[in-house]
Every structure is written in C-alpha cells, then in structure tokens.
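Whatever order the structure lists ligands and atoms in, that order sets their numbers, starting from 1. Owing to the predicted nature of the structure, the values given are computational and were not obtained by experimental measurement.
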Amino acid sequence: MEEKVLQNYIAGEWVDAENRTSVFNPATGEEIAQVPLSEKIDVDEAVAAAKRSQKKWALVPAPQRAEILYRVGSLMKEKKEHLSRLLTMENGKVLEEARGEVQEGIDMAFYMAGEGRRLFGQTTPAELPDKFAMSERAPIGVVAIITPWNFPIAIATWKSFPAIVAGNAVVWKPATETPIMAYELAKIFEDAGLPKGVINVVFGTGRTVGDAMVHHEDIRVISFTGSNEVGRNIAADCGRQLKKVSLEMGGKNAVIVMDDADLDLAVEGVVWSAFGTSGQRCTACSRVIVHEAVKEEFETRLLKAMKGLTIGDGLQEGIKVGPIINQAGLEKIERYIEIGKEEGAKLLAGGRVLTGNSYTKGYYFEPTLFTDATSSMRIAQEEIFGPVVSVIPVKSFAEAIEVNNGVAYGLSSSIFTQDVNRVFQAKQDLDTGIVYVNAGTTGAEIHLPFGGTKGTGNGHRDSGVQALDVFTEWKAVYVDYSGKLQRAQIDVEE
Ligand code: UN1
C-alpha cells in the first residue's frame with residue numbers, strides 16, 4: 001500500500017499538526033500511515049470551527065440534515081470494498097469481518113437519516129385550560145466523540161451520525177492505531193456536502209487531545225468508547241464540570257451452555273464470538289458457563305472446531321483469525337495466560353504467541369481454551385481482549401445466572417437452551433445490556449440500543465434511537481392561549 005500522510009480535518013480544511021507518529025499494519029508490521037500527534041491548540045481550533053458552524057447547522061431542518069447522511073450511506077456503500085480492505089490493513093480483522101463492520105456503518109447512516117424525519121417529541125395534556133404542553137429534542141451544541149481502534153468505523157458512525165442529524169457539531173478523536181478509517185469517513189462527509197466545521201477530526205493521543213477535549217468549556221458532551229480506567233477518569237473530570245458523558249467500557253461476556261443445549265450450535269456460537277476479531281470486541285465471549293452434565297462433550301466438540309481456525313493476515317483468503325492490534329496487546333494476553341495457569345485453570349489449547357514462518361512480523365496469538373476455571377479467578381473476571389476463553393462448570397441454571405452476573409461488567413450475555421421457561425427467566429435475570437438466546441455474545445444490530453450495566457458504562461446507549469438521548473436535550477414548551485395569566489399549581493378561588 002502506498003503510505004498515507006494523514007492530516008487533521010478542521011473547519012473543512014486538511015491541516016497538519018506540529019508532530020506525527022507512524023501507524024503499522026498489525027498483520028505485517030509494515031508502516032502504512034503517518035498520523036498527526038495534535039496538541040491542545042489543534043483541539044481549540046477544531047472546537048472554535050465546530051462552534052461557528054453548529055449555530056447554522058441547527059437551523060437546517062432535520063430532514064435536510066438527514067439528506068447528507070443518506071449521501072454518506074450511499075458513498076460508503078459504493079466504497080465498501082475499498083474501505084473494508086483498508087480496515088483490515090489498519091486493524092487486522094479478517095476481510096469478511098471488515099466488510100461486516102463497514103456494513104454496520106452503512107446501516108447506521110440510513111437508519112439515522114430516517115431519524116431526520118422523526119426526531120419525535122411529545123405532546124402532553126396541560127394542567128390548565130387553553131394551554132398546550134409539548135416537549136422536543138434540542139441539539140446540545142459542540143460534542144466530542146472518542147472512538148476505539150477495534151471498531152474504528154462502526155463506532156464512529158454510532159456516535160457521529162445521531163449527533164449530526166440532531167443538529168450538533170462534532171469534534172472527533174479517533175484511536176491513533178486506526179486513523180485511516182477516520183480519514184476516509186471525513187472525506188466521505190466532505191464529498192457528501194456536509195457544511196464545513198460540522199465534523200472535525202483531530203488525531204492524537206488521549207493524554208493530549210482527549211484531555212483537551214474533556215476540559216474544553218465549549219464541548220458539552222463527551223461520548224467515549226474505550227478502556228475502563230480512561231472512562232472513569234473522563235467521568236470524574238466531566239462530573240466536576242457538569243458535562244454530559246456517555247461511556248462504553250467493555251465487558252466480560254459469557255455464553256451459558258445448559259444441559260439441554262444444541263451443543264453443535266453452542267460450539268459455533270462460542271467459536272464465533274470468542275475467536276472472531278481475535279477476541280478484540282467489547283462483546284467478545286471470554287467465559288463459557290457450562291452445565292457439568294454436558295461439559296466434557298462440549299469441550300471435545302469445541303476443541304475439534306478450534307482446530308479449523310486458520311490464523312494469519314486477514315487479507316488472505318480462508319483466514320479466520322487475524323492478528324492482535326500491537327505488541328502491548330499481545331503482551332497483555334500473555335500475562336493473562338500466566339495468571340490463568342498460576343490460578344490453577346487447566347490449559348486445554350493454545351496459550352502461545354505465534355512466531356516463525358508467516359508469523360515473524362505481525363502480532364499473532366493462538367486461540368486459547370482454559371477449563372475448570374472458577375468465577376473468582378482473574379481470567380474469569382478481567383477483560384483480556386484477546387482470543388482466550390475459559391470454561392466455568394456449574395451445577396444448575398441458577399448457578400449459571402449467578403456466575404454470569406458475578407463480574408464487574410454487564411455488556412452482553414448469551415444462553416443456549418431449548419427450554420422456553422429458562423429463556424424468559426434468563427432474559428429477566430441476566431444483568432447485561434444485551435442478551436442473546438441461542439446465539440453468541442457478538443453481533444449487535446445498529447437499530448437497537450448498545451451498551452451495558454454496571455462497570456460497562458454509565459447508563460447511556462450507543463446506536464438505536466436511544467443514541468439521540470446522548471446528543472439532545474429535552475426542552476419543555478408551554479403555550480398559553482387563554483389570553484390571561486394562568487398560574488400553575490395555585491388554587492384559584494371560584
Ligand atoms: C465493540 O466491540 O465495541 O455487537 C463493538 C458486536 C458488534 C459491535 C462490537 N456489532 O459485536
């Protein structure tokens with residue numbers, strides 16, 4: 001690939017920052033781009049541009065704002081293959097999954113464009129005669145979005161599209177590991193005719209760019225997807241400033257396999273959600289809670305299925321598991337393998353970094369299966385973000401639910417069972433924002449709310465119509481057409 005020197009996109013212009021850093025293809029170690037390492041001054045310029053354009057943008061009728069998103073969706077569709085290949089190059093996920101991610105973005109464009117003709121408010125009966133009460137969604141102003149490397153285009157669309165259709169202007173800090181998707185999406189916005197300054201992209205680190213965004217008084221919302229530690233710091237800083245913050249900070253998602261489960265289906269579900277994207281999804285399955293009656297048979301079938309997982313460069317035909325994002329990611333996974341062994345879990349497969357032959361340059365880790373883990377082990381509690389899954393045996397449905405819920409996160413969960421009563425009981429009792437029945441823990445659709453309970457977030461949701469709640473403020477409006485001053489809540493003498 002021809003190397004790209006990327007620039008920030010501020011006020012509709014492509015501009016350099018003072019410094020740059022290199023970006024590498026995780027499958028080959030090859031340098032693929034240079035990206036700006038921006039400073040606070042670049043954020044200040046982006047926010048000023050956003051502030052100027054937001055006022056005009058908010059006055060554009062929402063159905064017209066939505067027209068731009070239809071164009072964005074169409075352009076993404078035209079460029080789907082091009083975008084998918086670039087996505088595989090910068091992130092490592094296999095091409096089939098890259099296409100899936102780009103499709104999520106396309107779906108989000110058309111879905112949110114539809115919101116331009118809805119953006120429903122409410123009418124409500126007033127307490128007094130000849131008085132009309134209604135509430136409507138109002139844009140908030142300048143909003144900041146901070147997006148991760150594991151879904152560099154889909155998550156950006158979950159956040160920027162609702163913000164834009166609702167009449168806000170956006171300052172976006174993409175992950176430095178995956179800037180090419182941000183550059184491509186900004187170009188698409190430009191080609192679709194989005195007015196200058198409505199979206200601004202500032203590349204750089206969380207420490208500098210992210211921090212400047214969090215502390216900028218003209219930014220009224222921070223929408224963040226990333227690590228728990230960073231998210232909690234952002235929340236604390238935003239709390240002091242009374243700044244609205246929406247957080248999505250990962251999971252420790254489990255598949256429950258009951259004694260009446262279709263085991264082949266459960267194996268397929270676990271393979272796909274634990275090892276797809278090399279386990280680098282917030283929704284990835286990293287625990288399998290298995291009823292002891294089927295544990296042995298389930299493990300035998302899972303080990304057999306894992307043998308078919310070809311590992312390599314996701315651009316090559318037939319590869320099922322791509323690389324890990326970088327050396328630090330790889331080392332974190334290695335550390336958890338050691339922790340798992342020390343804790344007494346039994347390593348049934350994998351557990352090693354792949355080296356030699358076609359693996360000399362990239363960052364590859366074998367799909368790994370631990371068994372006889374207990375719920376309190378660190379490998380069963382902490383997010384590993386790699387292709388590592390631990391089997392936790394249980395004796396009953398009630399214990400399965402308890403183990404599922406016994407972690408600090410609450411993003412996604414899944415149960416494989418044929419029993420309709422257990423299905424509905426699980427739906428009620430599983431303490432996660434997303435629940436699957438007879439499917440793995442990944443693959444959320446964009447028109448449903450995405451997010452989780454407990455340590456996964458702070459109650460907000462990405463995607464779905466609920467995403468609009470992050471980027472709008474409710475305004476209550478009373479119109480009194482009685483011609484006299486009517487005083488609410490005051491008893492009037494007859
Ligand atoms: C993420 O890993 O943060 O549900 C996003 C899924 C995808 C999105 C994952 N649609 O697995």
Pair Glu248 + Arg461: basic N to acidic O under 4.0 Å: no

Lys/Arg N to Asp/Glu carboxylate O, Glu366 vs Arg352, below 4.0 Å: yes

Shortest non-hydrogen separation from Gly452 to Leu411 and the atoms involved: N-CD1, 3.9 Å

Distance-minimising heavy-atom pair for Val288 and Cys285: CG2-SG, 4.2 Å

Trp272-Tyr436 aromatic ring centre distance below 6.0 Å: no

Asp260/Arg422 under salt bridge (Lys or Arg N to Asp or Glu O under 4.0 Å): CA gap, chis, key distance, verdict: CA-CA 11 Å; Asp260 65 340; Arg422 279 175 176 165; 3.5 Å; yes

Provide, line by line, the atom pairs where ligand 1 and the protein bring an N/O atom each to a distance under 3.5 Å; else say none.
| from | atom 1 | to | atom 2 | distance (Å) |
| --- | --- | --- | --- | --- |
| ligand 1 | 2 (O) | Asn150 | ND2 | 3.2 |
| ligand 1 | 2 (O) | Cys282 | N | 2.7 |
| ligand 1 | 4 (O) | Gly443 | N | 3.1 |
| ligand 1 | 4 (O) | Ala444 | N | 2.7 |
| ligand 1 | 10 (N) | Glu104 | OE1 | 3.4 |
| ligand 1 | 10 (N) | Glu104 | OE2 | 2.7 |
| ligand 1 | 10 (N) | Ala444 | O | 3.2 |
| ligand 1 | 11 (O) | Arg281 | NH1 | 2.7 |
| ligand 1 | 11 (O) | Thr283 | OG1 | 2.7 |
| ligand 1 | 11 (O) | Gly443 | N | 3.0 |

